[in-house]
Amino acid sequence: YSNIEPLEPDGFREQVSKLFAEWYRICELPGGSDAASTHYISQLHQNGLLKGDEMTDRFFRVLMELSVAHCLSSEVINSSGLQSPHQMQNLSFLAIDIYAKLVFSILKVEQGSSKLFPLSKILSITVKFIQKDSEEKKNSFNARPYFRLFISWLRDLLSPEPIGDGVNFQILTAFAGAFHNLQPLKVPGFSYVWLSLVSHRNFMPRLLIGNAQKGWPHVQRLLVDLFQFLEPYLRNAELAVPVHLLYKGTLRVLLVLLHDFPEFLCDYHFTFCDVIPPSCIQMRNIILSAFPLNMRLPDPSTPNLKIDLLPEIREPPHILSEVDAALKLKLMKTDVDEYLKTRQQGSSFLAELKQRLLLSPSEAASSGTRYNVPLINSLVLYAGMQAIQQLQARTPHGQSAGNTVPLAVFLVDAALDIYQTLILDLDTEGRYLFLNAVANQLRYPNNHTHYFSFVLLYLFAESNQEIIQEQITRVLLERLIVNRPHPWGLLITFIELIKNPRYNFWNRSFIRCAPEIEKLFESVARSCG
Amino acid sequence: DLGAIGDNLTGSAINSGAMHNQLYNLQMLEAAYHKLPQPKDSERARTYIPRHPAATPPSYPQVQLPMASNPAFWERLSMHSYGTDTMFFAFYYQQNTYQQYLAAKELKKHSWRYHRKYNTWFQRHEEPKVTTDEYEQGTYVYFDFHVGNEDKQGWCQRIKTEFTFEYNYLE
Amino acid sequence: LGIDLTTLGLNLNSTENLNKTFGSPWSDEPAKGDPEFNVPKCYY
């Protein structure tokens, strides 16, 4: 055999082709063909084709080649010649459906025996086949046959009469693993089919409902795969047409999640904010606007709304992301913990902070910014969480970590030192990213929203540099002027900023730095009541 | 310059391997853009496979009319009194098909309830005399098969008084 | 400034779940009719 790909034994392909034709005849038998198909599958076993070895791989590979080739050869080029993207070739899925049914029948027959023929084996053969097909065919790669194949399997394998009770979840996670290996960064030509499959009503909701949320990490990983592919293209406002379609498709999927599974978006907001570029404001707002289904949000423009008296404001938000992962990765966590505990004035910790947040020149080139954004996000949220814990430990039970706490107590915390150091040491870009990390915590009523709203307003009030106040305003405003939705915590913070005379907002010169800016603030002031 | 950082597509970015991948990915995406998955790609024709096919003259329709799979057709049909028998026919003679599913949906809409033990559809003839959490009792109409002598056989509707419909048999 | 998300074909005020009739990320049409039907075993 050649050392790259073991050649098939002579005549293997013809043999498989004959077997496939025989299976087709069985499927065509009227009135169902249970007996015939069971017999056929036991024959496959006897021929040694289903042992799960190299021969098995070859067997399924040839079947896929035959099915996909049949499907694509049936492509009827539209008589209208030039095709608009959505005027689609009509494909015959007959062979694909027959192949899907063969796999389903093999798995169903196996259900009785001890060794459930590993679905994961079939999926890994399928994934390798698609990866190879896309690398070989490049621009002429067509993913639609595979879309049909996966949809058929999802429908048959996950129907209420699953192949063995309670294996639904294992089947779902097997598909999730396959889709992760077919993610857009690995198979870019598969991207549209990939998102159609991942968001399909037979797949994504089933992973998110029940199973004690064990399916959530799988959906989260797939969404991160998607954002990582989009990220380089989304850094700029103008998108190429194919990217814009993928972006709009992503928005639709996020809206379904926002409407049906908001807690999922709530609990993973930190992970998603790491992979969504700062310029992608509306998409990030969708995630940050999610709030628990059973929560009712008070209207932010209610006059004299007492935020600190809201019962939810004292509760910490549920976060499933690993907030301190980036800090650990950069070996900063120990130093941060040390500083938060001791607040050693003399330590060089604060002085070195900015340097540690910068990327190396090569990393900076590929990530489109000079700063390690996930590290900034991790530092800001992790330090804040420690501060909130300390504040709640210190304040008499039942009081919120809000302005009912004497400000002196609030100022005592080391996290604030870190924030003040960053806001003074960082350059314009770094400060913008830092302020974004803070603003990403302004969500539904919880004690993070409350604390970070305080932090922003405090930094605005205490800074003596107008440029800092301008940037804080900018970070809030650019999240408000985009189309809805807008996170509740963002609205209450901005309303507090423009209404509370303590911040002297309307006398700041930058709100009149240009006529259209002046008009903008007037309209914002009106819309915020 | 205080806000969102545009992408610094400076020379270094373009030459670095990362940019090459991005260009390649964009080209592949562009090609895929012309081969989007279509709604019909994920629809399976709901073909009805007759259990016991019989050869019929070619002039007879050899495949079901698409109308038979249209929910609106069944909704309109069940409006008529004769429509109920048609629903029962589809239910008892086109089993495990979309037509059976649609017929059952229409029967439920007209407050027929399926009894899983007797495999029979019941409809309240009047308000039940007794209702508890477990069952209801009263007079019902039910759809039955009359097993009289040969020429008398056939589907019919009967009245059943003092019937107890236990809810754990309700589908 | 983003886009008006109500123009993407999803009824965000619906009291029903959207995922059941979510047709595709590429179209603003909901999935047609009863996308799937299953007949209870007792109907067989």
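Proteins get letters first, then strands, A, B, ... in listed order; numbering begins at 1 in each. Every heavy atom of this structure was used, including side-chain atoms; hydrogens, water molecules and symmetry mates were not. What you see is a predicted model; the values in this text were computed from it and never measured.
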Rounded distance [0.5 Å steps], CG in L245(A) versus CG in L36(B): 5.5 Å

side-chain contact (heavy atoms from CB on, under 4.5 Å) between F190(A) and M28(B), worked out: CA-CA 9 Å; F190(A) 197 70; M28(B) 293 305 109; over 6 Å; no

Structural part of L246(A) lying under 4.5 Å from a heavy atom of chain B: side chain

Rounded distance [0.5 Å steps], CD in E43(B) versus CZ in R155(A): 8.5 Å

Chi angles and distances behind the side-chain contact (heavy atoms from CB on, under 4.5 Å) call for N90(A), K40(B): CA-CA 10 Å; N90(A) 282 321; K40(B) 59 177 176 297; 3.2 Å; yes

K186(A), NZ: over 12 other non-hydrogen atoms inside 6.0 angstrom: yes

Y192(A) side chain reached by K35(B) side chain, heavy atoms, under 4.5 Å: no

S196(A) versus P37(B), closest heavy-atom pair with distance: OG-CG, 3.5 Å

Nearest heavy-atom neighbours spanning N139(A) and A31(B): O-CB, 3.3 Å

Verdict with supporting geometry, Y233(A) and Q22(B), side-chain contact (heavy atoms from CB on, under 4.5 Å): CA-CA 8 Å; Y233(A) 308 107; Q22(B) 283 168 25; 3.8 Å; yes

Step-by-step salt bridge (Lys or Arg N to Asp or Glu O under 4.0 Å) determination, R144(A) to D41(B): CA-CA 8 Å; R144(A) 287 176 65 194; D41(B) 292 3; 2.7 Å; yes

Working for side-chain contact (heavy atoms from CB on, under 4.5 Å), residues L29(B) and F229(A): CA-CA 11 Å; L29(B) 197 68; F229(A) 177 78; 4.1 Å; yes

Heavy atoms of other groups near R158(B) CZ, more than 12 under 6.0 Å: yes

S42(B) side, atom OG; F150(A) side, atom CZ - distance, nearest 0.5 Å: 15.0 Å

Under the ring pair (Phe, Tyr, Trp, His ring centres under 6.0 Å) test, residues paired with Y142(B) that sit two or more places apart: F122(B)

H125(B) atom NE2: more than 12 heavy-atom contacts under 6.0 Å: no

